[in-house]
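Just below is one structure, and these are the notes that go with it.
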Amino acid sequence: MIVEMSRGASREQVDHVVERAHSFGFEVQLNLGTDKTVVAILGSDTGKASTDVFEVLPGVVSVTRIMKPYKLASREFNPRSSKIKVSGVEIGGQRIVVMAGPCAVESEQQLMNTAMAVKKLGGLVVRGGAFKPRSSPFAFQGLEMEGLKILAKVKSDLGIPVITEVVDIQNIELVARHVDILQVGARNMQNFALLKELGKLKHPILLKRGLSATVTEWLTAADYLLAEGNKRVILCERGIRTFEDSTRFALDITSIGVVKRFSHLPIIVDPSHAAGHSAYVPSIAKAAIAAGADGILVEVHPNPEEALVDGLQSLAIPAFERLMAELRPIAEAVGRYV
Ligand code: PEP
Ligand code: MN
């Protein structure tokens, strides 16, 4: 951290900053200029003190952090890209991982039909929400326990891994018993109590980006999972809130490059929640793969017209088939395969 003192700062004020830094165990380098003093605060763990700790002291003008606030998620900490294996599927490797299925599990027949088509067309993981975090408490909240049982049946009957969202601490164990990957939804990205508990699991966790979270906040949230010992963290860009209202959210395609540059964690993209309309899903899914994403999480429904949740943004099976065919040459063009 670089602490800039005001022009007239007294020697006592500078010493006070130095004492405060020492109290945290940090090293200090003083640059006593003719009219301005700069204090460099050094140490591998300066992240444990917020910039406020120094900014609040008399005589301080500004405090700038040089190191990123996240640590375990950073490429500095782990230079090699992480690959996460789950039931025979590798996320972050050469192969593009397509996770697909309905927004919500609605019935055994609905999930089974979708899962069979997803598997046949080259999807590697089946998605389906059993607990749905809905904006309104009066909207369909998911089949809950029954939904989990259906997911477990699809997993064992078809031999394909399944992913579902966990919305609260009470249900972690229950969800973990039924599925392969646990998803943390955008609205829970900074539910730190939930993240800490999930960090104690062995299951991979898919951490969605919060709707108005910066990439730095997202990677710092990932540190909560990693710090508890769970190394199997997958990031998922799902669009952020901007002034644009012709789509549900705005897919931040740039975040793929930013994450790849600063983090070792794999990143997949959810084009469905970003777009909010099936018309835009294929183009942004392809853009995501071209931009270096490790996979996609896409909503597919056997009959979008009758979907209980997110029918407008769900691909019908023929549209999913076309998308899979279109993804292949794009993956190859960037040295991957589907
Ligand atoms: C979902 O994938 O089912 C979902 C609710 O997405 P998000 O958390 O990104 O809104
Ligand atoms: Mn949805």
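Indexing begins at 1, ligand by ligand and atom by atom, following the structure's order.
- Across Val118, Ile163, Asp180, a single residue satisfies side chain to side chain contact (heavy atoms under 4.5 Å, CB included) together with Val126, and that is Val118.
- A side chain to side chain contact (heavy atoms under 4.5 Å, CB included) with Leu235 holds for exactly one of Leu206, Ile205, Leu219, Val269; it is Leu219.
- The Mn ion (ligand 2) has Cys103 SG, His273 NE2, Glu299 OE2, Asp310 OD2 as its protein N, O or S neighbours under 2.8 Å.
- Shown here are the ring-ring contact (aromatic ring centres under 6.0 Å, His included) partners of Phe249, two or more places apart in sequence or in another chain: there are none.
- Between Pro69 and Thr220 the shortest heavy-atom distance is CG-OG1, 3.9 Å.
- Partners of Phe140 by ring-ring contact (aromatic ring centres under 6.0 Å, His included), not counting sequence neighbours: none found.
- Counting non-hydrogen atoms of other residues, nucleotides and ligands closer than 6.0 Å to CD of Glu228 gives a total above 12.
- Closer than 4.0 angstrom to ligand 1 lie heavy atoms from Arg127, Lys132, Glu165, Gln183, Gly185, Ala186, Arg187, Lys208, Arg238, His273.
- In the model, Ser81 has a side-chain atom that pairs as donor or acceptor with a side-chain atom of Arg75 under 3.5 Å.
- Of the candidates Arg127, Gln183, Arg187, Glu165 forms a side chain to side chain contact (heavy atoms under 4.5 Å, CB included) with just one, namely Gln183.
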Would you sort out whether Glu306 and His301 count as a side chain to side chain donor-acceptor pair (under 3.5 Å), showing the intermediate values? CA-CA 9 Å; Glu306 281 176 12; His301 195 285; over 6 Å; no
